[in-house]
Protein chains: 2
Amino acid sequence: MEKTQVGIGKAAMILKLLGDKTRLTMVKILETDECCVCEFVEIFNMSQPSISQHLRKLRDVGIIQEERRGQWIFYSLNQQNEHYPFVEQILAALPNQDEKIKALEKNGARITCC
Amino acid sequence: MEKTQVGIGKAAMILKLLGDKTRLTMVKILETDECCVCEFVEIFNMSQPSISQHLRKLRDVGIIQEERRGQWIFYSLNQQNEHYPFVEQILAALPNQDEKIKALEKNGARITCC
DNA sequence: TTAGTATATAACTATATGCTTATATATTCA
DNA sequence: TGAATATATAAGCATATAGTTATATACTAA
């Protein structure tokens with residue numbers, strides 16, 4: 001079986017990005033659920049620009065991708081990314097963040113468009 | 001098979017530490033070879049205090065351990081650490097750094113004590 | 001004990017980071 | 001078209017980070 005191989009420099013860049021609790025949690029959530037910015041604002045109880053800036057960093061290196069649907073922009077894990085297997089392997093070691101999505105649904109803040 | 005489980009906060013802390021090219025390379029080297037501070041100074045062509053400070057951060061969270069042998073303090077990967085499997089899984093995806101040790105041996109800078 | 005070598009720590013500096021507020025852009029819908 | 005909503009970007013600020021130089025500590029060997 002071939003192992004994922006990632007250059008040291010690129011790996012360090014990815015790990016630095018994931019080395020922030022907010023971003024790491026975002027990516028773990030996106031592993032199973034698409035989310036839009038306003039949902040993350042709700043989940044993290046953080047300002048909208050702050051959320052947008054975290055998402056941009058993750059998108060800039062290709063870890064996540066965006067897709068506009070009507071008014072909202074939905075983010076998801078970019079499985080086509082060259083380093084997706086590396087990221088996925090890390091996420092696999094982390095506890096599920098389902099309760100965060102469940103909490104959104106519970107208080108009616110979950111966006112289900114299209 | 002049980003998967004490694006690491007809390008999100010602790011994982012973020014570990015990833016942040018590994019998210020620096022110097023530290024990530026150090027840890028990858030320590031995966032296979034013990035090294036002392038002066039060897040890292042040689043390998044990274046960086047000041048001794050800078051190397052010491054990186055090693056201290058890694059040691060403070062238990063990723064690596066130190067052992068004095070005579071004049072030198074040798075560092076190694078701490079396989080007893082609670083989160084060693086998580087770290088090891090990340091290292092497995094990285095290219096071998098053997099040439100760095102080989103280069104040390106070649107120019108006679110490799111320390112082999114005791 | 002003294003000189004030399006290895007390592008750690010302290011103090012400082014420049015840059016990076018994460019957040020905030022203010023504002024711009026894009027879409028929807030009345 | 002204009003108001004409301006969602007998102008992005010710009011600018012500013014406080015703190016964190018990674019490096020430096022200077023100095024302290026620890027061990028070795030003469």
Side-chain angles (χ1 to χ4, degrees), chain A residues 8-9 12-27 29-30 34-61 63-76 104 108-114, chain B residues 8-9 12-27 29-30 34-61 63-76 104 108-114:
Chain A
I8 282 263
M13 173 183 282
I14 292 170
L15 295 174
K16 177 181 280 182
L17 272 175
L18 298 182
D20 173 278
K21 193 180 176 185
T22 302
R23 283 193 298 265
L24 187 61
T25 307
M26 281 175 161
V27 173
I29 289 172
L30 294 179
E34 296 192 330
C35 277
C36 62
V37 179
C38 60
E39 290 174 311
F40 281 128
V41 169
E42 187 77 16
I43 289 171
F44 293 105
N45 195 30
M46 204 176 272
S47 76
Q48 175 266 314
S50 182
I51 296 294
S52 271
Q53 285 157 13
H54 281 304
L55 289 169
R56 187 146 96 93
K57 287 180 186 184
L58 291 168
R59 199 206 48 199
D60 282 353
V61 299
I63 293 176
I64 64 174
Q65 59 195 350
E66 59 178 45
E67 183 195 333
R68 181 177 278 277
R69 288 196 218 130
Q71 203 167 6
W72 299 280
I73 295 178
F74 282 80
Y75 284 88
S76 58
L104 275 190
R110 182 71 169 148
I111 307 288
T112 43
C113 120
C114 315
Chain B
I8 281 263
M13 173 182 281
I14 292 170
L15 295 174
K16 177 180 280 182
L17 272 176
L18 298 182
D20 172 278
K21 192 180 177 185
T22 302
R23 283 193 297 264
L24 186 61
T25 307
M26 280 176 162
V27 173
I29 290 172
L30 295 179
E34 296 192 329
C35 278
C36 63
V37 179
C38 60
E39 290 174 312
F40 281 129
V41 170
E42 187 77 15
I43 289 171
F44 293 106
N45 194 30
M46 204 176 271
S47 76
Q48 175 266 314
S50 181
I51 296 295
S52 271
Q53 284 157 13
H54 281 305
L55 290 169
R56 187 148 95 92
K57 287 181 186 183
L58 292 168
R59 198 207 48 198
D60 282 352
V61 299
I63 293 176
I64 64 174
Q65 59 195 350
E66 59 178 45
E67 182 194 332
R68 180 176 279 276
R69 287 193 220 134
Q71 203 167 7
W72 299 280
I73 295 177
F74 283 80
Y75 284 88
S76 58
L104 276 190
R110 182 71 169 148
I111 308 287
T112 42
C113 120
C114 316

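Because the structure is a prediction, the values reported are computed rather than measured. Throughout, a chain's letter reflects where its sequence line sits, starting with A, and its residues are numbered from 1.
As rounded to whole Å, 7 Å separates atom P of C/dT9 from atom CZ of B/Arg59. Between A/Glu67 atom CD and D/dT7 atom P there is a gap of 13 Å when expressed in whole angstrom units. Look at CG on A/Leu55: it is 13 Å from P on C/dG18, rounded to the nearest Å. Rounded to a whole Å, the CG atom of A/Leu58 is 14 Å from the C1' atom of C/dT17. D/dA8 atom C1' lies 14 Å from atom CD1 of A/Ile51, rounded to whole Å. C/dT13 atom C1' lies 13 Å from atom CD of B/Gln53, rounded to whole Å. Computed from coordinates, the B/Leu17 CG to C/dT17 P distance equals 15 Å when rounded to whole Å. Atom CD in B/Gln48 sits about 15 Å away from atom P in D/dT23, given to the nearest Å.
Checked options B/Leu55, B/Ile29, B/Ile64, B/Ile111; the residue passing with B/Cys35 is B/Ile29 (criterion: side chain to side chain contact (heavy atoms under 4.5 Å, CB included)).
Nucleic acid contact class of A/Tyr75 (heavy atoms, under 4.0 Å, all strands): sugar-phosphate only. Residue-level contact check: B/Lys21 touches neither bases nor backbone, having no heavy atom under 4.0 Å from any strand. In this structure, A/Glu39 reaches neither bases nor backbone, as no heavy-atom distance under 4.0 Å exists between it and the strands shown. Contact annotation for A/Arg23: backbone-only contact, meaning every heavy-atom pair under 4.0 Å involves sugar-phosphate atoms and none involves a base.
Across D/dT7, C/dC19, D/dG19, the shortest atom-to-atom separation from the side chain of A/Ser52 is found for D/dT7. For B/His54, taking side-chain heavy atoms from C-beta onward, the closest of the listed nucleotides D/dA18, C/dG18, C/dT9 is D/dA18. Across C/dG18, C/dC19, D/dT7, the shortest atom-to-atom separation from the side chain of A/Lys57 is found for C/dG18. Between C/dG18, C/dT20, D/dA18, one nucleotide has an atom nearer to the side chain of A/Asp20 than all others, and that is C/dG18.
Each of A/Pro49 and A/Gln71 was matched to the nucleotide of DNA chain C holding its nearest heavy atom; the match closer to the 5' end belongs to A/Pro49. Two residues, A/Lys16 and A/Ile73, neighbour DNA chain D, and the one matched to the more 5' nucleotide by heavy-atom proximity is A/Ile73.
In this structure, A/Gln53 contributes its side chain and A/Ser50 its backbone to no donor-acceptor pair below 3.5 Å. A donor-acceptor pair is defined here as one N or O able to donate and one able to accept, closer than 3.5 Å; such a pair exists between the side chain of B/Arg68 and the backbone of B/Gly70.
We find the CG-CG distance between B/Leu15 and A/Asp20 to be 10.5 Å, quoted to the nearest 0.5 Å. Here NE2 of A/His54 is found 10.5 Å from CG of A/Leu17. Values are rounded to the nearest 0.5 Å.
In this structure, B/Arg56 does not reach the C/dA8 phosphate: none of its side-chain N or O atoms is under 4.0 Å from OP1 or OP2. Within the structure, every side-chain polar atom (N or O) of B/Ser47 is placed at least 4.0 Å from both OP1 and OP2 of D/dG19. Close to D/dT7, at under 4.0 Å from its OP1 or OP2, lies no side-chain N or O of A/Arg68.
Closest heavy-atom contact between A/Gln65 and A/Arg59: CA-CG, 4.4 Å.
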